[in-house]
There are 2 protein chains.
Amino acid sequence: MGRWEPNTRERLARAALELFGERGYEQTTVAEIARRAGLTERTYFRHYADKREVLFGGAEALREAFTRAVAEAPASAAPIDVMAAGLVAIAAVFPERGTARQRHSVVGSHPELLERELIKRATLAAAVTEALRARGVPDHAAALAAEAGMAVFKVGYERWIAPAEQRELPDLLRESLSELKAVTAGG
Amino acid sequence: MGRWEPNTRERLARAALELFGERGYEQTTVAEIARRAGLTERTYFRHYADKREVLFGGAEALREAFTRAVAEAPASAAPIDVMAAGLVAIAAVFPERGTARQRHSVVGSHPELLERELIKRATLAAAVTEALRARGVPDHAAALAAEAGMAVFKVGYERWIAPAEQRELPDLLRESLSELKAVTAGG
DNA sequence: AGCACTGATGTCAGGGACTGTCATCGCGTA
DNA sequence: TACGCGATGACAGTCCCTGACATCAGTGCT
């Protein structure tokens, strides 16, 4: 192997992130992304299902880290603590804060990209629900714990990439979790 | 007014729901939807921003009912109980169960439609967060309560439209809420 | 060497979503 | 009557995305 430049997918992803940042998502065509990566539009669509997917290549690793942490948590742990373990495990596979901020800025700039982000999160929630069920957690409790975990993740993650924030992601996730507990105990 | 048939938007929505149910979302073109409603494709896009939006016309009424209930809840109520009031208020603006099942079946049949459903829910969550903040709930607590409320809504709603289910939506929402409380108190 | 085979890419044609622009037409109003 | 307004139609065009076929370097077999 090696007739063409290697790392085709990564080159496309980098080109896309650059162009989306330079001119915006709508003002960038798939043909331009492919050209910057030294490829053709047709080849782009052989690596990514659509124009948005190029920004979401890491979702699979995220799912794997989360569900593995859930599966490996001690059998005695309560569902919400299993969630906590999964959240901390997620933090390990994230890029550095600057990259996360750049990507988050692009994704937040266009509703189509937000939609994709949301369905990735929902897919993750479904996988976590399944992992919890596999531990014996009842159906509805598993679903609610997973959704609540996504809420904690969202809040903690957004705090992590906020401009002035200094603390690290695991700490912020733990803090958001205890805030959720306080809120839901309030009634 | 009255030079053309009235209720253009509703005719388009009905035609779309029919066609999506008959042949599926992908196998239906916007031109076909417009033709069944006695209009042209160009006119469709003057009433709905894209092919998916025609299924989500009720989102605005939902947001209004929810945020009004939140705003009108007694000042002494805890955030999570305010959420409960909002959830019950939502139930009032829903169509009958059969229609909801039909629409849910179409939306669930294609990822693009699921994406749109998710961003509508996220928009609703943001509006509820804002309504809670307006009541004096701290930022993060408001966001977490809103997200948790969406989780409760999702679980309760899906239970409501499940094939064998007999109970009514408000009861199922209340039940899901108490289950969430039980889960988050478990750690 | 000669050969077929494989796999990633290029090329081309085309459908369908969506937009900009201008024309049309019935109605209200001066 | 003349004029403007507002919803719609007609038409051209861009871009997203797909199917079909050709190309071409490497691999293994003979």
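Proteins get letters first, then strands, A, B, ... in listed order; numbering begins at 1 in each.
A salt bridge is absent between A/Arg101 and A/Glu165: the closest approach of a Lys/Arg side-chain nitrogen to an acidic carboxylate oxygen does not fall below 4.0 angstrom. Using a cutoff of 4.0 Å between basic side-chain nitrogens and carboxylate oxygens, A/Arg159 and A/Glu175 are scored as salt-bridged.
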Sub-3.5 Å pairs of nitrogen or oxygen atoms, protein against nucleotides 5-7 of chain C:
unit_1, atom_1, unit_2, atom_2, d
C/dG7, N2, A/Arg3, NH1, 2.8

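Separating the NE2 atom of A/His110 from the P atom of D/dC16 is a distance of 11 Å, rounded to the nearest angstrom. In this structure, the CD atom of B/Gln27 is 16 Å from the P atom of C/dG15, given to the nearest Å. Atom-to-atom, CD of A/Glu53 to P of D/dC16 comes out at 16 Å; the value is rounded to the nearest Å. One interatomic measurement links the two molecules: CD of B/Glu112 to C1' of D/dC17, which rounds to 11 Å at whole-angstrom precision.
Within the structure, salt bridge (charged side-chain N to carboxylate O under 4.0 Å, His left out) contacts touching residues 123-149 of chain A (residues at least two apart or in different chains) are A/Glu130-A/Arg133, A/Arg133-A/Asp139, A/Glu147-B/Lys154. Residue pairs satisfying the salt bridge (charged side-chain N to carboxylate O under 4.0 Å, His left out) criterion with at least one member in residues 53-64 of chain A, sequence neighbours excluded, are listed as follows: A/Glu53-A/Arg116, A/Glu53-A/Lys120, A/Glu60-A/Arg63, A/Glu64-A/Arg68. The stretch residues 46-87 of chain B participates, sequence neighbours left out, in these ring pair (Phe, Tyr, Trp, His ring centres under 6.0 Å) pairs: B/Tyr44-B/Tyr48.
Contact annotation: B/Thr43 side-chain N/O to D/dT8 OP1/OP2 distance is not under 4.0 Å. Contact check, A/His47 against C/dT9: a side-chain N or O comes under 4.0 Å of OP1 or OP2.
The shortest non-hydrogen separation linking B/Leu144 to A/Val155 is CD2-CG2, 3.8 Å.
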(request) Would you give a per-nucleotide map of nucleotides 16-21 of chain C, 5' to 3', where B means the base has a protein non-hydrogen atom under 4.0 Å away, S means only the sugar-phosphate does, and - means neither? (result) -SBBBB
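Checked by atom type and distance alone, the side chain of B/Arg167 never pairs as donor or acceptor with a backbone atom of B/Leu172 at under 3.5 Å.
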Expected list for residues 86-96 of chain A: side-chain donor-acceptor pairs under 3.5 angstrom, two or more places apart:
unit_1, atom_1, unit_2, atom_2, d
A/Glu96, OE1, A/Gly98, N, 3.2
A/Glu96, OE2, A/Thr99, N, 3.3
A/Glu96, OE2, A/Thr99, OG1, 3.1

